[in-house]
Asker: 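Okay, here's the structure, questions in a sec.
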Number of protein chains: 2
Amino acid sequence: MVLPRAAKTQRRTRIQEEKEEQILEAALEVFSAHGFRGSTIDQIAEVAGMSKPNLLYYFRTKEAMHRALIDRVLDTWLDPLREFNAEGNPVAEIRSYIRRKLEMARDFPRESRLFANEVLQGAPHIEDELKGPLKELVDEKAEVIRTWAKAGKIAKCDPYHLIFAIWSTTQHYADFDVQVRAVLGQENAGDGRFEDAARFLERLFVDGLQVREQPSSEYGLEG
Amino acid sequence: MVLPRAAKTQRRTRIQEEKEEQILEAALEVFSAHGFRGSTIDQIAEVAGMSKPNLLYYFRTKEAMHRALIDRVLDTWLDPLREFNAEGNPVAEIRSYIRRKLEMARDFPRESRLFANEVLQGAPHIEDELKGPLKELVDEKAEVIRTWAKAGKIAKCDPYHLIFAIWSTTQHYADFDVQVRAVLGQENAGDGRFEDAARFLERLFVDGLQVREQPSSEYGLEG
DNA sequence: TGTAATGTTTACCAACCGGTCAAATTATCA
DNA sequence: TGATAATTTGACCGGTTGGTAAACATTACA
């Protein structure tokens with residue numbers, strides 16, 4: 001037989017699992033750093049420590065590799081939002097969501113950049129995931145936030161833009177890492193910037209979402 | 001003479017100016033959408049409406065085109081931060097900075113994505129700009145913010161992370177536009193999302209930076 | 001108007017890139 | 001062990017890409 005390629009034989013060989021693991025790890029390294037078009041199969045092969053035809057034995061095409069990687073990573077990536085709990089204390093839930101997202105930016109920056117690259121270039125490969133599972137999950141959690149606001153547990157605000165703000169501020173530390181480092185300077189070599197960021201962001205969002213008697217009317221909104 | 005190429009002759013021809021303008025416009029379109037490696041000279045040539053060798057007559061290499069584009073756009077891009085005025089009302093200054101950044105995300109999304117692509121992939125072509133002019137400008141404005149905080153005009157906070165938060169939340173609407181649209185759904189076709197974002201962000205930052213008697217001590221910061 | 005400088009295009013090249021093929025090597029198991 | 005299936009690799013292919021050479025066209029200007 002010439003084309004087992006994972007799908008054909010139900011039972012996966014030990015070697016198959018190991019090699020596919022190796023390849024996806026290397027693919028994550030390369031795709032997250034250069035984007036889909038900017039990456040070459042040779043690069044991935046070199047990082048994975050195997051020959052190009054060998055990669056193509058496990059994944060028929062470059063696109064197949066990318067898709068497998070996206071599928072594998074997307075679930076994990078959305079976990080923090082899934083944990084968002086309607087029953088919990090609203091402010092505490094938002095705080096811990098921020099903390100979890102920031103931890104992911106620190107511990108899984110490549111995953112963050114993989115999606116950032118993809119979305120930035122128009123999401124040509126993950127449009128369905130965005131309009132499907134992602135939107136549904138966000139809709140669900142936005143409804144939770146809206147309920148909290150109506151119940152007076154947090155300040156009234158647009159839940160979608162709140163989620164966008166949490167995404168952008170936290171993922172910024174993964175996606176724009178070189179810029180953050182450049183601006184903060186060399187002395188900020190360790191992970192200290194993540195702790196500073198956590199302090200700042202938790203305070204910003206918590207104070208910003210506190211229910212207020214006179215909701216900053218002196219800065220009333222014009223067009 | 002065969003190689004005038006702008007630099008050699010001091011006086012620029014009318015044609016030179018027009019064509020270089022055309023090329024950089026096309027380059028912005030293509031580079032911002034696909035990143036440096038993902039873009040081809042042929043693509044840019046087609047958008048610019050001229051032949052590939054003709055492009056290379058004005059810019060010797062693909063890198064030269066990219067560099068010229070970056071140089072041209074970076075100045076404009078930093079204008080909103082430059083306008084940040086130490087003498088003004090602190091909260092008003094921050095609000096109008098947010099507004100200006102959001103307007104830029106709406107009106108110049110390609111410029112935003114150009115830099116996002118670049119930084120995301122490790123800023124291989126603009127490292128010097130980040131560590132030089134950008135850092136100096138941010139250092140200067142961070143000092144202004146720190147002064148305001150010390151004077152009790154705004155809440156005490158890390159000025160660098162405040163700036164990062166404003167950058168990330170506003171640029172998010174340009175860089176991750178497809179994701180924002182996907183999550184908000186089709187009904188949000190116009191520019192309404194920018195107005196909603198402005199309302200949300202101005203309120204978030206203004207309320208979050210309000211000086212407080214008891215600075216949210218009940219959510220005291222742990223590690 | 002003539003001519004030298006400037007601008008444009010066609011044809012082309014070498015390197016690279018995604019992917020194939022067939023032969024060789026290794027693992028599996030009756 | 002031997003035969004069969006699974007895995008790996010070197011050689012190769014067609015298309016693309018960044019860039020060049022040189023002939024051709026146009027403009028500026030004395």
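Throughout, protein chains are lettered first and strands after them, A, B, ... in sequence-line order, and every chain is numbered starting at 1. Because the structure is predicted, anything quoted here is derived from the model rather than measured.
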Asker: Roughly how many Å is it from CD1 in A:Ile23 to P in C:dG18, rounded to a whole number?
Answerer: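 Answer to the nearest Å: 15 Å.
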
Asker: Taking only side-chain N and O atoms of B:Gln16, does any of them lie within less than 4.0 angstrom of OP1 or OP2 on C:dG7?
Answerer: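 Checking C:dG7 against B:Gln16, a side-chain N or O does come within under 4.0 Å of OP1 or OP2.
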
Asker: Taking only side-chain N and O atoms of B:Asn54, does any of them lie within less than 4.0 angstrom of OP1 or OP2 on C:dT9?
Answerer: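 Yes, within the criterion.
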
Asker: What is the distance, to the nearest angstrom, from the CD atom on B:Glu20 to the C1' atom on C:dG7?
Answerer: 13 Å

Asker: Look at the side-chain N and O atoms of B:Ser51 and state whether any lies under 4.0 Å from the OP1 or OP2 oxygen of C:dT8.
Answerer: no

Asker: Starting at atom CE of A:Met50, determine the distance to atom P of C:dT25, rounded to an integer number of angstrom.
Answerer: 19 Å

Asker: Within this structure, what is the NE2-to-C1' distance between A:His66 and C:dG18, rounded to whole angstrom?
Answerer: 16 Å

Asker: Can you tell if the side chain of A:Thr169 reaches within under 4.5 Å of the side chain of B:His172, non-hydrogen atoms only?
Answerer: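 Sidechains of B:His172 and A:Thr169: no contact.
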
Asker: According to the interplanar angle, ranging from 0 to 90°, do the rings of A:Phe84 and A:Tyr97 count as parallel (below 30°), tilted (30 to 60°) or perpendicular (above 60°)?
Answerer: perpendicular

Asker: Looking only at the aromatic ring of each residue, does the gap between the centers of A:Tyr173 and A:Trp167 stay below 6.0 angstrom?
Answerer: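 Judged by ring-centre distance (under 6.0 Å), A:Trp167 and A:Tyr173 do not meet the cut-off.
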
Asker: Please determine if a side-chain N or O atom of B:Tyr57 lies less than 4.0 Å away from the OP1 or OP2 oxygen of D:dT20.
Answerer: no

Asker: Do A:His34 and B:Gln121 pass the side-chain hydrogen bond (donor to acceptor under 3.5 Å, both in side chains) test, and can you show the C-alpha distance, the side-chain angles, and the key distance before you say yes or no?
Answerer: CA-CA 6 Å; A:His34 309 292; B:Gln121 306 195 359; 5.1 Å; no

Asker: At less than 4.0 Å, is any side-chain N or O atom of A:Lys19 found next to OP1 or OP2 of D:dA6? Yes or no.
Answerer: no

Asker: Looking at residues at least two apart in the chain, or sitting in another chain, which of them share a ring-ring contact (aromatic ring centres under 6.0 Å, His included) with A:Phe194?
Answerer: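 Partners of A:Phe194 by the ring-ring contact (aromatic ring centres under 6.0 Å, His included) criterion come out as none, since no residue qualifies.
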
Asker: Please confirm whether the shortest side-chain N or O distance from B:Tyr58 to OP1 or OP2 of C:dT8 is below 4.0 Å.
Answerer: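 True: B:Tyr58 side-chain N/O within range (under 4.0 Å) of C:dT8 OP1/OP2.
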
Asker: Output the rounded distance in Å from NE2 (A:His34) to P (C:dG18).
Answerer: 12 Å

Asker: Provide a list of protein-nucleic acid N or O atom pairs under 3.5 angstrom, restricted to nucleotides 13-19 of chain D.
Answerer:
residue: D:dG18; atom: OP1; partner: B:Ser39; partner atom: O; Å: 3.2
residue: D:dG18; atom: OP1; partner: B:Lys62; partner atom: NZ; Å: 2.9
residue: D:dG18; atom: OP2; partner: B:Ile41; partner atom: N; Å: 3.0
residue: D:dG18; atom: N7; partner: B:Lys52; partner atom: NZ; Å: 3.0
residue: D:dG19; atom: OP2; partner: B:Lys62; partner atom: N; Å: 2.8
residue: D:dG19; atom: O6; partner: B:Lys52; partner atom: NZ; Å: 3.2

Asker: With a 4.5 Å heavy-atom cut-off, do A:Gln22 and A:Met50 have their side chains touching?
Answerer: yes

Asker: Which distance, rounded to the nearest 0.5 Å, do you find between the NE2 of B:His66 and the CD of B:Glu118?
Answerer: 4.5 Å

